[in-house]
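For reference, the structure discussed in these notes is given below.
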There are 2 protein chains.
Amino acid sequence: MATLSDVARRAGVSPATASRVINGSSKPVTEELRARVLAAVAELQYVPNAHAQLLARSHRSAVGVIVHDVSDPYFAEITRGLQRVATDQGRLLMICNSYRDPDRELEYVELLRGHQVAALILAGSGYHDQAFTRQLNEKLAAYEATGGRVAVIGRHEHSGDAVMPDNRAGGYLAGRELCGLGHRAIGVVAGPRILTTTTDRLAGLRQALTEQGRELPERRIRYAEFDRDGGAEATARLLDADPELTAIVALNDSMAIGALATLRARGLAVPQQISVVGFDDMPIARDVTPALTTVRLPLVDMGVRAMSLVLGAGAPTPRVEVLPAELVRRDTAGPAPRSSRATAGSAPRARRGDAAS
Amino acid sequence: MATLSDVARRAGVSPATASRVINGSSKPVTEELRARVLAAVAELQYVPNAHAQLLARSHRSAVGVIVHDVSDPYFAEITRGLQRVATDQGRLLMICNSYRDPDRELEYVELLRGHQVAALILAGSGYHDQAFTRQLNEKLAAYEATGGRVAVIGRHEHSGDAVMPDNRAGGYLAGRELCGLGHRAIGVVAGPRILTTTTDRLAGLRQALTEQGRELPERRIRYAEFDRDGGAEATARLLDADPELTAIVALNDSMAIGALATLRARGLAVPQQISVVGFDDMPIARDVTPALTTVRLPLVDMGVRAMSLVLGAGAPTPRVEVLPAELVRRDTAGPAPRSSRATAGSAPRARRGDAAS
DNA sequence: TCCCTGCGGGAAAGGGCTTTCTCTGCGGTA
DNA sequence: TACCGCAGAGAAAGCCCTTTCCCGCAGGGA
């Protein structure tokens with residue numbers, strides 16, 4: 001690889017001058033030398049060694065992001081928001097997938113710290129795990145002590161800046177909607193119980209049911225992986241245990257899609273025989289059939305806010321921004337069927353909005 | 001940030017010794033000093049500066065990956081394959097999204113080169129653009145000249161190692177299937193015509209139709225963005241121009257989903273009135289209703305192969321691995337309706353496989 | 001004519017780490 | 001007893017850049 005001094009030598013100038021030309025330094029350089037340097041750069045196909053640059057400049061510019069999995073639409077949307085702000089400010093993003101493995105999350109914090117990122121953003125659910133939480137907080141505190149900025153998205157176990165979707169309110173919305181439709185036997189297809197996202201959403205849902213004089217017993221909840229197959233499998237278990245269910249709340253849209261698959265496989269009509277409500281409103285939600293009724297979270301906006309917090313001026317006290325959840329009524333939730341499973345309920349209501357473009 | 005010499009000072013040893021302990025060097029260090037160093041590391045929460053390390057070691061370990069968009073399921077799957085091999089070999093992946101912008105692709109090649117990656121993988125369609133192709137090849141050649149390894153996935157404009165999905169054969173498969181079902185008026189919802197992926201798939205499709213004595217005139221092709229909304233919009237234009245279409249081939253599954261949305265919005269029954277075939281077999285394909293008939297590409301495997309090529313021994317001549325496409329019959333393609341649009345065709349065939357887990 | 005100013009350029013000092021080379025001191029052999 | 005060899009530790013030379021500091025020179029004002 002050609003180095004800066006190769007370029008300088010070829011151009012017949014000092015490395016200092018070459019550097020100034022290449023970086024567009026404010027210090028003036030004669031047109032003639034500038035041209036010679038640029039010519040040498042082109043001839044040698046010179047590309048500065050990023051590590052040497054980062055080392056020489058004290059300036060830290062990249063931002064580290066840790067998500068569960070970028071290819072999961074939930075995080076893809078958040079990342080889109082993060083990117084938008086970062087790009088505007090000329091920041092490079094280093095994105096790491098923890099695949100919901102706490103240890104890997106810890107490792108990535110170190111890794112990113114080692115890469116001298118200016119800020120760190122952790123997106124995705126927190127864990128109900130004291131030991132882990134303490135470790136993570138120690139690491140983050142150490143990082144902040146050296147001037148690093150930290151923000152978390154959707155997890156409340158860290159004490160710093162945070163952007164929180166209102167998971168609890170979202171759960172509440174889902175519960176209230178189904179109660180309003182007359183459902184009494186409501187099952188839940190939940191993510192891993194160690195995730196705070198799961199428990200928060202569940203808490204809101206439970207609150208809604210309780211307020212209506214209903215309840216949400218543990219036997220109507222099945223925990224599984226937070227993905228399509230987890231949803232399919234949990235739904236199957238739920239139906240096996242309690243065939244009288246008239247509604248299912250899936251704690252994210254991927255699980256909801258799995259739930260729909262299982263229902264279809266079993267010949268249960270949605271929403272005539274059984275209703276389904278999802279969570280997140282990922283883009284695909286409107287394209288499944290029937291289109292998914294779900295709780296929308298402003299995912300892109302969450303990313304935008306988090307990146308703005310972290311790149312903006314620091315605050316003396318941690319800031320927590322709570323972003324509201326919103327119910328999106330589509331076609332998978334309808335009135336509870338009158339009698340038993342054998343009778344189909346009323347027709348689904350007309351679909352609102354969301355027609356193809 | 002604590003530095004290595006801070007650690008050394010605190011442990012009362014030289015930086016050299018500290019470095020040896022931290023990196024597990026083969027050079028022996030007394031147990032006592034080792035313990036002191038490790039204690040100092042823990043107390044100071046020391047994390048080595050990755051840039052300084054990379055600079056000091058001549059050893060290059062990271063691998064650069066350029067894709068159109070990781071959050072697109074097509075690339076998410078490929079990336080999964082890349083990751084698997086990279087992780088096995090202890091390599092870090094740097095993933096960049098070009099968002100199908102050739103200039104950005106060029107920039108990322110430089111950026112990754114600057115970051116001293118050991119290898120570079122470009123995934124995603126190539127472009128019909130002489131000037132760009134030449135520039136890219138120059139940059140890649142320069143990189144290879146300094147010992148960098150390069151592989152491309154799904155693009156044939158580069159002369160080095162390549163993993164190619166058989167796009168043309170896939171297009172052929174889709175065409176043959178529809179011909180076999182008796183379709184004559186087949187429309188195509190295509191991605192941007194500048195992409196080689198588009199033209200390759202189209203070529204295969206055209207060949208199948210030609211062999212059957214049919215044809216594929218340009219007026220039955222609509223080009224749009226390679227995503228859901230592009231598919232929806234192109235389908236609308238196609239139907240407006242030619243309401244007699246009995247089948248639509250979408251050149252990727254995202255577009256197919258958009259197409260289904262448009263058809264549903266217009267009240268056209270799939271596959272009774274109109275058939276749809278997608279391409280890629282992304283995971284969601286089996287979950288839309290009706291489940292999507294599509295051409296499967298071994299995406300994960302493509303990633304695995306590419307990473308193996310690039311991390312394995314070099315070869316004197318470029319290696320090209322062509323991976324086969326395969327038709328996956330589900331529920332969106334059925335026999336062509338007998339007469340006109342008004343009459344529904346025969347019932348869809350029974351759905352094969354793919355039941356919920 | 002002399003001095004000061006300011007501009008354009010180079011020398012050199014880091015930045016944090018790895019690694020080779022060198023040095024010290026010990027145990028063992030002749 | 002003298003010497004050799006080696007284990008274990010440190011000194012120092014890079015790795016490739018950026019940036020401060022300094023220097024020489026030319027032009028302008030007194």
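So that the names make sense, note that chain A is the first sequence line, chain B the second, and so on, each numbered from 1. Computed from a prediction, not measured in an experiment: that's the story for all the values here.
Between the CD atom of B:Glu31 and the C1' atom of D:dG8 there is a distance of 14 Å, rounded to whole Å. Spacing between atom CG of A:Leu54 and atom C1' of C:dG16 amounts to 12 Å, rounded to whole angstrom units. Rounded to an integer number of Å, the gap from NE2 of A:His51 to C1' of C:dC17 is 13 Å. Atom NZ of B:Lys27 and atom P of D:dA7 are 10 Å apart (whole Å). Rounded to whole Å, atom C1' of D:dG10 lies 14 Å from atom CZ of B:Arg36.
Under the 4.0 Å criterion applied to side-chain N and carboxylate O atoms, B:Asp88 and B:Arg84 are not assigned as salt-bridge partners. Between B:Glu107 and B:Arg104 there is no salt bridge, since none of the side-chain N atoms of the basic residue sits less than 4.0 Å from a carboxylate O of the acidic one.
Interatomic distance, CZ of B:Phe75 versus CG of B:Asn97, reported as 9.5 Å (0.5 Å rounding).
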Could you pull out the protein-nucleic contacts involving nucleotides 14-17 of chain D (nitrogen or oxygen on both sides, under 3.5 Å)?
from: D:dC17; atom 1: OP1; to: A:Tyr46; atom 2: OH; distance (Å): 2.4
from: D:dC17; atom 1: OP1; to: A:Asn49; atom 2: N; distance (Å): 3.4
from: D:dC17; atom 1: OP2; to: A:Leu4; atom 2: N; distance (Å): 2.4

Got a list of protein N/O to nucleotides 24-27 of chain C N/O distances below 3.5 Å?
none

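B:Val150 approaches B:Tyr143 most closely through the heavy-atom pair CG2-CD2, 3.6 Å.
Between the side chain of B:Arg20 and the base of D:dG8 there is no donor-acceptor pair of N/O atoms closer than 3.5 Å.
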Would you tabulate the side-chain donor-acceptor contacts of residues 59-67 of chain B under 3.5 Å, counting partners in other chains and residues two or more places apart, or write 'none'?
from: B:Arg60; atom 1: NH1; to: B:Ser58; atom 2: O; distance (Å): 3.2

